[in-house]
Trainee: 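Starting off with a structure, shown below.
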Amino acid sequence: MSIALGCDHGGYGLKLEIIKYLEAQGIAYKDFGCRSLDSCDYPEYARAAAEAVASGECETGIVICTTGIGISITANKVKGIRCALCSDTVSARLTREHNDANMLALGAGIVGTNLALGIVDAFLHTEFSEEEKHRRRVTKIAALEDELLN
Ligand SMILES: O=P(O)(O)OC[C@H]1O[C@@H](O)[C@H](O)[C@@H]1O
């Protein structure tokens with residue numbers, strides 16, 4: 001498993017904590033920036049991380065800004081990306097089970113470090129449910145992308 005990481009200045013500190021967590025767990029990652037607290041624009045880093053997931057270079061991704069909103073909106077513009085903004089562990093588990101979410105977005109100004117790491121842990125350690133209804137719905141999302149986003 002390799003995780004694509006992306007953040008802006010608002011998510012930089014939490015990203016460093018997530019990197020510590022991933023290294024402690026022996027989980028590989030690729031960091032697409034940003035690399036400092038200097039003000040920057042989240043769409044650049046969301047795009048880079050999301051394209052790595054969409055291309056198969058990375059299996060999943062985690063993106064972080066202050067609210068998590070802008071960076072999740074951007075990631076979801078990349079075809080094939082299902083990026084879930086989560087502020088609790090139940091949502092993180094259910095978006096894997098129900099939506100087969102392939103990216104997680106976090107708001108560093110919304111969740112504290114311990115909760116964020118719990119959300120990451122739940123997200124990374126939950127498999128997609130193979131229930132037919134969930135697969136059917138995810139397939140419909142992909143069909144909608146094919147139909148509307150060319
Ligand atoms: O730090 P500034 O630039 O004020 O605000 C940027 C943050 O505000 C929101 O749009 C995003 O969450 C981003 O991280």
Side-chain angles (χ1 to χ4, degrees), residues 1-19 21-23 25 27-35 40-111 115-150:
M1 173 156 62
S2 180
I3 314 292
L5 298 177
C7 70
D8 72 353
H9 55 287
Y12 180 70
L14 179 55
K15 185 177 73 176
L16 297 183
E17 297 297 328
I18 291 171
I19 286 173
Y21 161 88
L22 294 175
E23 290 181 346
Q25 297 267 318
I27 298 172
Y29 64 89
K30 187 162 182 189
D31 185 2
F32 290 90
C34 70
R35 301 188 192 288
C40 61
D41 299 331
Y42 57 78
E44 294 178 24
Y45 307 100
R47 177 182 179 170
E51 286 184 334
V53 175
S55 71
E57 178 185 352
C58 293
E59 185 176 309
T60 188
I62 302 171
V63 285
I64 315 146
C65 65
T66 302
T67 62
I69 298 169
I71 209 156
S72 61
I73 289 171
T74 313
N76 278 312
K77 298 296 181 191
V78 175
K79 192 172 181 186
I81 294 302
R82 295 176 301 282
C83 181
L85 171 57
C86 295
S87 300
D88 65 273
T89 57
V90 176
S91 297
R93 176 172 60 78
L94 291 178
T95 196
R96 286 289 307 126
E97 290 181 357
H98 292 194
N99 315 123
D100 198 16
N102 52 12
M103 293 188 76
L104 169 68
L106 293 166
I110 306 298
V111 293
L115 176 55
L117 295 179
I119 291 168
V120 168
D121 194 71
F123 186 83
L124 295 182
H125 293 102
T126 305
E127 296 297 319
F128 177 51
S129 161
E130 292 301 331
E131 249 190 284
E132 194 277 333
K133 67 180 181 184
H134 294 310
R135 184 163 295 286
R136 182 179 72 240
R137 292 162 187 165
V138 173
T139 299
K140 285 186 177 183
I141 295 173
L144 184 149
E145 274 185 331
D146 284 339
E147 186 184 333
L148 301 180
L149 305 178
N150 283 314

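Hydrogens, waters and symmetry mates are skipped; everything else that's a heavy atom, side chains included, is used.
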Trainee: Side chains of Ile3 and Leu124: does their closest heavy-atom pair fall under 4.5 Å?
Mentor: yes
Trainee: With sequence neighbours left out, which residue pairs that include part of residues 51-108 fulfil the ring pair (Phe, Tyr, Trp, His ring centres under 6.0 Å) condition?
Mentor: His98-His134
Trainee: Sequence neighbours left out, what passes side-chain hydrogen bond (donor to acceptor under 3.5 Å, both in side chains) with Tyr29? Give chain and number order.
Mentor: Glu23
Trainee: Kindly write out the residues that satisfy side-chain hydrogen bond (donor to acceptor under 3.5 Å, both in side chains) with Glu132, not counting sequence neighbours, or none if the list is empty.
Mentor: Arg136
Trainee: Identify every side-chain donor-acceptor pair in residues 56-67 under 3.5 Å, counting partners at least two apart or on other chains, and give the distances.
Mentor:
{"from": "Glu57", "atom 1": "OE2", "to": "Lys30", "atom 2": "NZ", "distance (Å)": "2.5"}
{"from": "Thr60", "atom 1": "OG1", "to": "Asn102", "atom 2": "O", "distance (Å)": "2.7"}
{"from": "Thr67", "atom 1": "OG1", "to": "Ile69", "atom 2": "N", "distance (Å)": "3.0"}

Trainee: Please enumerate all residues that pass salt bridge (charged side-chain N to carboxylate O under 4.0 Å, His left out) together with Lys140, with sequence neighbours excluded.
Mentor: none
Trainee: Considering only residues two or more places apart or on different chains, which pairs with a residue in residues 43-89 satisfy ring pair (Phe, Tyr, Trp, His ring centres under 6.0 Å)?
Mentor: none
Trainee: What residues form a salt bridge (charged side-chain N to carboxylate O under 4.0 Å, His left out) with Arg137, not counting sequence neighbours?
Mentor: none
Trainee: Between Arg135 and Glu131, is there a salt bridge with N-O shorter than 4.0 Å?
Mentor: no
Trainee: Mind checking side-chain hydrogen bond (donor to acceptor under 3.5 Å, both in side chains) for Thr95 and listing every partner two or more places apart, or none if nothing turns up?
Mentor: Asn99
Trainee: His125: what forms a ring-ring contact (aromatic ring centres under 6.0 Å, His included) with it, not counting sequence neighbours?
Mentor: none
Trainee: Holding to side chain to side chain contact (heavy atoms under 4.5 Å, CB included), I want the full list of residues that pass it with Ala48, two or more places apart in sequence or in another chain.
Mentor: Phe32
Trainee: What residues, two or more places apart in sequence or in another chain, satisfy side chain to side chain contact (heavy atoms under 4.5 Å, CB included) together with Arg35?
Mentor: Asp31
Trainee: Using side-chain hydrogen bond (donor to acceptor under 3.5 Å, both in side chains) as the criterion, list what pairs up with Glu17, not counting sequence neighbours.
Mentor: Lys20
